[in-house]
Amino acid sequence: MRRYARIIGTGSYLPPRRLTNNDLAAELAQRGIETSDEWIVERTGIRARHFAAPDVTSSDLALQACRQAIEAAGVSAQDIDLIIVATSTPDMVFPSTAAILQHKLGIANGCPAFDVQAVCSGFVYALSVADAMIQTGAAKRALVVGAEVFSRILDFNDRTTCVLFGDGAGAVVLEASEAPGILAAELHADGSHVGILCVPGHVSGGNVLGDPLLKMDGQAVFKLAVGVLDKAARATLDKAGLTEADIDWLIPHQANIRIMQSTARKLKLSMDKVVVTVDQHGNTSAASIPLALDHGVRSGQVKPGQTVLLEGVGGGFTWGAVLFKM
Ligand code: UT7
């Protein structure tokens, strides 16, 4: 009998400071940077985002999301035997945010804890790794988290990027099960596109060398994203022996409503079958998919037994999809 990994609880957390487009535009105007609610909504669908306070880290946001997910799962934190955190804004260079999170959650059972770095595809990567570890018997009950404080790496003098991103965290508890959970996954990367979305700086000899702020060629990312997401979706459905008609919910990475609409159109899905949070959260990178999933579950949209396709795409260039029964 196949051993599946099933999602048994979801959780999420947004830091309290919420900025509408008008709030952000007013702050940017003080720096002489011009933008508008109209431009941001028309090009991206974003209306607001949340920014963490300066002393709040990714593991702080993750902690809140994980507590919710663990409570929703009805398990004890001590029963978690694997922690994977997807983040591009870790608390420290090392140790991993996952190890820091393990301690904050009070989990003292010695379970493995590590980070996955695949930028906006990070959650899909982390979920896929946890699924593989559960299928092989290496883990029974995993906490898979996406957590970001992207506001820390934004260049607020670059209006083409700083209006797009936000902070937050989302988490799921995965459990080994005989009943279907994750059905199929696809992961990909093409490192030849490193330069189109990156934070090129690094720490060397006690200094930051290179630019530590986010750089993006938005149009290049847009074009690549639309093509690879469709292919990844179809390959994942094929692996599970399903078609697009079997999808109850598409939960794509929440970067831009236009990319999400294009992906849905190619899969012949109406936007009624797409969970959308980009308007309220902006692009929270690795946190965007679990934030949207938790929103879908808590709002009553995503129900037990339904078939859900998650899709991620981002820096690297990385992309992937995970198909599961809720
Ligand atoms: O999470 C990883 C995945 N990331 C993404 O998926 C991002 C993908 N890319 C995109 O979402 C879009 O390319 C953007 C939203 C980043 C940009 O939209 P666009 O339709 O590609 O706009 P553009 O870059 O062609 O810029 C159009 C105009 C330019 O002015 P000119 O040259 O036509 O005079 C920009 O200078 O819009 C201007 N512009 C702005 N205007 C007001 C750029 N940013 C802003 C801004 N406010 N914030």
Side-chain angles (χ1 to χ4, degrees), residues 19-49 86-89 117-125 146-151 153-168 170 188-190 193-199 213-230 232 251-264 266 274 276-279 281-292 310-321:
L19 282 94
T20 62
N21 290 341
N22 282 330
D23 295 334
L24 185 58
E27 284 196 8
L28 293 176
Q30 288 174 10
R31 296 169 174 260
I33 306 292
E34 200 187 318
T35 189
S36 65
D37 175 56
E38 194 188 2
W39 188 94
I40 301 169
V41 172
E42 187 191 314
R43 303 286 174 137
T44 70
I46 297 166
R47 293 179 185 276
R49 75 287 293 139
T87 187
S88 296
T89 47
Q117 161 59 293
V119 204
C120 303
S121 311
F123 185 76
V124 161
Y125 265 65
E148 302 280 14
V149 282
F150 246 60
S151 56
I153 52 169
L154 296 180
D155 180 351
F156 287 97
N157 291 312
D158 175 9
R159 69 177 181 172
T160 68
T161 54
C162 72
V163 301
L164 306 176
F165 296 90
D167 301 339
H188 295 280
D190 180 350
H193 299 293
V194 163
I196 64 171
L197 177 49
C198 58
V199 177
L213 300 176
L214 184 146
K215 307 273 166 264
M216 179 169 76
D217 176 345
Q219 290 194 0
V221 172
F222 196 105
K223 275 187 209 133
L224 270 172
V226 166
V228 298
L229 286 174
D230 185 51
I251 308 187
H253 169 49
Q254 310 279 317
N256 185 318
I257 192 72
R258 291 188 290 144
I259 298 178
M260 292 157 68
Q261 286 163 341
S262 157
T263 311
K266 288 187 175 191
V274 183
V276 176
T277 52
V278 68
D279 55 333
H281 301 171
N283 179 347
T284 57
S285 191
S288 93
I289 293 174
L291 266 162
L310 308 182
E311 283 193 316
V313 61
F317 205 67
T318 55
W319 67 99

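Note that ligands are numbered from 1 as they come in the structure, with each ligand's atoms numbered from 1 the same way.
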Quiz item: Who's the nearest protein heavy-atom neighbour of atom 23 (P) of ligand 1, and how far?
Solution: Q219 NE2, 3.6 Å
Quiz item: How far is atom 18 (O) of ligand 1 from its nearest protein heavy atom, and which residue and atom is that?
Solution: R258 NH2, 3.5 Å
Exercise. Between G314, G45, G218, flag the one that comes closest to atom 8 (C) of ligand 1 by a heavy atom.
Key: G218
Quiz prompt | With K266 via salt bridge (charged side-chain N to carboxylate O under 4.0 Å, His left out) - residues at least two apart | solution = none
Quiz item: Counting only heavy atoms on the protein side, is anything nearer than 4.0 Å to atom 41 (N) of ligand 1?
Solution: yes
Quiz item: Any idea which of C120, S288, G282, S285 brings a heavy atom closest to atom 2 (C) of ligand 1?
Solution: C120
Quiz item: Is the closest side-chain heavy-atom distance between L24 and T35 below 4.5 Å?
Solution: no
Quiz item: Does the side chain of N256 come within less than 4.5 Å of V278's, by heavy atoms?
Solution: no
Quiz prompt | Side-chain touch C120/N283, heavy atoms, less than 4.5 angstrom | solution = yes
Quiz item: Got D190 and W319 here, is their nearest side-chain heavy-atom distance under 4.5 Å?
Solution: yes
Quiz prompt | The one among M260, M216, E34 that brings a heavy atom closest to atom 7 (C) of ligand 1 | solution = M216
Quiz item: Is atom 38 (C) of ligand 1 in close reach of the protein, with a heavy atom under 4.0 Å away?
Solution: yes
Quiz item: To the nearest 0.1 Å, how far is atom 1 (O) of ligand 1 from its closest protein heavy atom, and which atom is that?
Solution: N283 ND2, 2.6 Å
Quiz prompt | Q219 side-chain N/O to V221 backbone N/O, donor-acceptor pair under 3.5 Å | solution = no
Quiz item: Which residue and non-hydrogen atom of the protein lie closest to atom 47 (N) of ligand 1, and at what distance in Å?
Solution: T35 OG1, 2.7 Å
Quiz item: Is the closest side-chain heavy-atom distance between F222 and R258 below 4.5 Å?
Solution: yes
Quiz prompt | pair H188-V228: side-chain heavy atoms closer than 4.5 Å | solution = no
Practice problem: Pick one of side chain, backbone, both or neither for how L197 approaches ligand 1, counting any non-hydrogen atom pair under 4.0 Å. | Solution: side chain
Quiz item: How are the rings of F317 and H193 set to each other: parallel, tilted or perpendicular (split at 30° and 60°)?
Solution: perpendicular
Quiz item: Given the protein's heavy atoms, is any one of them under 4.0 Å from atom 4 (N) of ligand 1?
Solution: yes
Quiz item: Does the protein place any heavy atom closer than 4.0 Å to atom 32 (O) of ligand 1?
Solution: no
Practice problem: Give the single entry among F165, W39, F222, F317 that approaches atom 17 (C) of ligand 1 most closely by any heavy atom. | Solution: W39
Exercise. Write out the residue and atom name of the closest protein heavy atom to atom 15 (C) of ligand 1, then the distance separating them to 0.1 Å.
Key: T44 CG2, 3.5 Å
Quiz item: Is a side-chain donor or acceptor of R159 paired with a backbone partner of E34 at a separation under 3.5 angstrom?
Solution: yes
Exercise. State which residue, out of T20, D279, N21, D23, fulfils the side-chain hydrogen bond (donor to acceptor under 3.5 Å, both in side chains) condition with R49.
Key: N21
Practice problem: With heavy atoms only and a cut-off of under 4.0 Å, state how V163 meets ligand 1: side chain, backbone, both or neither. | Solution: side chain
Quiz item: Okay, side chain of T263, backbone of L229: is any donor-acceptor separation there less than 3.5 Å?
Solution: no
Quiz item: Counting from 1, what ligand 1 atoms have a heavy atom of T160 closer than 4.0 Å?
Solution: 43 (C), 44 (N)
Quiz item: Looking only at protein heavy atoms, which one is nearest to atom 10 (C) of ligand 1, and how far off is it?
Solution: N256 ND2, 3.6 Å
Self-check item: Taking atom 16 (C) of ligand 1 as the reference point, the nearest protein heavy atom with its distance
Solution: L164 CD1, 3.8 Å
Quiz item: Which is closest to atom 27 (C) of ligand 1 by heavy-atom distance: Q254, H253, R43, K223?
Solution: R43
Quiz prompt | Check: S88 and E148 side chains under 4.5 Å, non-hydrogen atoms | solution = yes
Quiz item: If you measure from each non-hydrogen atom of I259 to ligand 1, which part falls under 4.0 Å: side chain, backbone, both or neither?
Solution: side chain
Exercise. List the closest protein heavy-atom neighbour of atom 48 (N) of ligand 1: residue, atom name, distance to the nearest 0.1 Å.
Key: R159 O, 2.8 Å
